[in-house]
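All residue numbers refer to positions in the sequence shown, counting from 1. Bear in mind the structure is a predicted one, so any value in this text is a computation, not a measurement.
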Amino acid sequence: MPQNHNLGRAYHDATKHSYLSVQVNPNYVDAPTQPSTFKIYPKFYRRVQLNVNNPIHSFIWLTSTVTLEKVYKDVPYKLRVNPSAGALYPTEVYVQIRGMQGMIDGVYHLEVENNCLTLIYELIDDGLESYIIPTKSISGFIFLISSVYYRSSWKYQDRSMRYCLLDSGHHLGSIAASAYLHDRDIQLIFDFDKLALNTDLGFENKEFITACVISGEMQEKKVRRLRLKVPFVCGTDYFEANQFIEANYQVTAIQPSCQQKLEQPQFKFDKDKFHQTVYNRRSTRRFRKQFISQVDYLYIWQQLQQPIPTENYEEIEIYSVVHRVEGMSPGLYKGKHLLKAGDFSEQTGYLCINQAIARDCAVTLFFVSDYTNYQTAMQIADFLGQRVYLGSNYMAIQCSGIGAYYDDETQRFLETTKDVLYAMTIGN
């Protein structure tokens, strides 16, 4: 087993939950001290207000936009198309635009709160390609997902490394959904020089790149690295360093992924309905213990089986614990194969830190992997998770992701030695 794999697993193991650990450290926080969830560059940067009637703007806007504002326990939240653990939204989006009519060639920050693109770097003969796909030039878009990790570690401490990567995977899924609606092919890239990009984008130790998406025409042309370093701007109003997270990221950022042939998915959604699904996606807070149809459940599985458009890959296995699906025996399944029959709803509720949604849903899903690249595996798990969200909501089935569970006990229940990366619930 490769050494870097062992290091990735060691970091994962160090953030495991157990019944005892949750009782000893329940993660109480002082809500008014929550750091800012929006990054804003200084006012003197040039900005482009996004207009949804402009196809370029609309493509970018739908990847990240705020869709609902609500107050929970006297704290205001701006919910977005992409879900986030605790609605803390550690992810930021940067997009390089090259050769697109009406846009200056440059690297932009997507300023979600104010619905605009901020030009943070103007291109000449340089660009992001040099860090990501050397010897190539992209006429179109290069999206970068980053994590401002303190937004999450403020609440979840060391385990927030998982949540940052899981949120990144969901955000990649949101980009993929917008690309589908705008008739654009994409390619996810996980293996590239993230550490150099962090430095040249002026992130210091307070933000780090997790993944990249390219969409456009690729040409054989050498592009040099950014000729200037982007000035530092912090993504939170205050910051507390977490050495565990920073060391974890530095090591796992250079792990090699498994490789596969690039293949595009072929979805067949009604686009008007799917657009509404993307915009109205929500994480449910409770289920009413209703049954869902087997046809709808298998439709969701069909979306999971579509190719993931990337050459960097980690295999994700999905276990499903069926509680309430018409025509299906309750029990533990691997994929669609029944491993053991029985009503395990109380057990899944317990395993997911006694959360009622894991007991009362129709199906509880667990994503596991024996990865070589920790960052890639975590993000692909949640990229698939975004497909579960959208596939479920498209069929009028509710959904919620779960990042907290008793790791070792869940492994024993599933009878696997592979790491449990994520859990999800669907139902009504």
Side-chain angles (χ1 to χ4, degrees), residues 68 79 83 170 173 177 267-270 272-306 316-368 381-406 409-410 412-416 420-428:
L68 180 69
L79 305 182
H170 272 303
F267 294 111
K268 297 180 180 179
F269 298 113
D270 175 275
D272 288 338
K273 181 180 176 182
F274 188 69
H275 188 282
Q276 289 301 311
T277 301
V278 170
Y279 189 82
N280 293 322
R281 181 216 58 80
R282 295 286 179 267
S283 297
T284 191
R285 300 188 69 85
R286 63 183 293 271
F287 293 103
R288 299 186 300 275
K289 296 186 177 181
Q290 295 183 354
F291 277 75
I292 63 174
S293 76
Q294 186 175 8
V295 170
D296 288 351
Y297 178 53
L298 294 179
Y299 180 85
I300 296 167
W301 267 101
Q302 288 175 6
Q303 314 318 312
L304 287 172
Q305 292 169 334
Q306 287 280 352
I316 307 295
E317 295 179 353
I318 303 177
Y319 289 82
S320 56
V321 189
V322 172
H323 311 307
R324 300 172 184 88
V325 177
E326 295 169 354
M328 290 186 68
S329 299
L332 172 65
Y333 291 72
K334 184 177 181 182
K336 290 179 276 188
H337 175 67
L338 180 63
L339 299 178
K340 49 185 176 184
D343 180 358
F344 299 116
S345 58
E346 292 292 338
Q347 193 160 358
T348 56
Y350 164 76
L351 290 172
C352 294
I353 320 292
N354 294 306
Q355 296 183 69
I357 56 172
R359 178 197 66 206
D360 299 341
C361 61
V363 184
T364 306
L365 304 170
F366 292 101
F367 297 69
V368 309
D382 254 37
F383 183 83
L384 291 172
Q386 189 70 357
R387 286 185 177 177
V388 175
Y389 261 110
L390 297 178
S392 299
N393 286 182
Y394 185 81
M395 303 304 291
I397 295 170
Q398 302 303 307
C399 179
S400 185
I402 297 177
Y405 38 81
Y406 301 135
E409 290 187 68
T410 302
R412 288 194 290 271
F413 170 69
L414 301 177
E415 299 180 0
T416 182
V420 183
L421 305 183
Y422 192 40
M424 298 196 78
T425 55
I426 61 174
N428 283 319

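- Looking at V321 and Q347, their side chains never come closer than 4.5 Å, going by heavy atoms from C-beta outward.
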- Would you check, one step at a time, whether the test side chain to side chain contact (heavy atoms under 4.5 Å, CB included) holds for V420 with F367? CA-CA 6 Å; V420 183; F367 297 69; over 6 Å; no
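- Across all non-hydrogen atoms, the minimal contact from I426 to C399 is CG2-SG, 4.0 Å.
- Counting only heavy atoms from C-beta outward, the side chains of I318 and F366 never approach each other to under 4.5 Å.
- Taking SG of C361 as the reference point, atom CD1 of I397 lies at 11.5 Å (rounded to 0.5 Å).
- Partners of R286 according to the side chain to side chain donor-acceptor pair (under 3.5 Å) rule, which considers only residues two or more places apart in sequence or in another chain, do not exist here.
- For the side chain to side chain donor-acceptor pair (under 3.5 Å) test, residues two or more places apart in sequence or in another chain that qualify with R285 are Y72.
- The list of salt bridge (charged side-chain N to carboxylate O under 4.0 Å, His left out) pairs with a residue in residues 319-334, not counting sequence neighbours, reads E317-K334.
- Using a distance-only test at 3.5 Å, with no hydrogens or angles considered, no donor-acceptor pair links the side chain of Y350 to the main chain of R359.
- Taking CD of Q398 as the reference point, atom CZ of F287 lies at 7.0 Å (rounded to 0.5 Å).
- Between atom NE2 of residue H275 and atom CG of residue N280 there is a gap of 10.0 Å, rounded to the nearest 0.5 Å.
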Could you please spell out the steps behind the side chain to side chain contact (heavy atoms under 4.5 Å, CB included) verdict for L298 and K336?
CA-CA 9 Å; L298 294 179; K336 290 179 276 188; 3.7 Å; yes
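- Taking CG from L332 and NE2 from H337, the interatomic distance works out to 10.0 Å, rounded to the nearest 0.5 Å.
- In this structure T416 satisfies the side chain to side chain donor-acceptor pair (under 3.5 Å) test with no other residue, sequence neighbours excluded.
- Counting only residues at least two apart or on different chains, the salt bridge (charged side-chain N to carboxylate O under 4.0 Å, His left out) pairs with a member in residues 340-358 are K340-E415.
- For NZ of K273, the number of neighbouring non-hydrogen atoms (other residues, nucleotides, ligands) closer than 6.0 Å is greater than 12.
- Taking each heavy atom of I292 and G427 in turn, the nearest pair found is CG2-CA, 4.1 Å.
- To the nearest 0.5 Å, the span separating CG on L365 from CH2 on W301 amounts to 6.5 Å.
- A search for ring-ring contact (aromatic ring centres under 6.0 Å, His included) contacts involving F344 returns F413, not counting sequence neighbours.
- The CG atom of N428 sits 9.0 Å away from atom CG of D296, with the distance rounded to the nearest 0.5 Å.
- Partners of Y422 according to the side chain to side chain donor-acceptor pair (under 3.5 Å) rule, which considers only residues two or more places apart in sequence or in another chain, are H170.
- The heavy-atom pair separating I300 from S392 by the smallest distance is CD1-OG, 3.4 Å.
- Residues that satisfy the side-chain contact (heavy atoms from CB on, under 4.5 Å) test with Q302, not counting sequence neighbours, are Y299.
- For the pair Q303 and L390, the minimum side-chain heavy-atom distance is 4.5 Å or more.
- Checked against salt bridge (charged side-chain N to carboxylate O under 4.0 Å, His left out), K289 has the following partners two or more places apart in sequence or in another chain: D360.
- For the pair A358 and T364, the tightest heavy-atom approach, listed with the atom from each and the gap, is O-OG1, 3.2 Å.
- With sequence neighbours excluded, the residues forming a side-chain contact (heavy atoms from CB on, under 4.5 Å) with S283 are P83, R281, Y389, S400, listed by chain and number.
- Residues that satisfy the side-chain contact (heavy atoms from CB on, under 4.5 Å) test with M328, not counting sequence neighbours, are Q294, Y297, V322, V325, Y333.
- Considering only residues two or more places apart in sequence or on other chains, Y394 meets the ring-ring contact (aromatic ring centres under 6.0 Å, His included) condition with F269.
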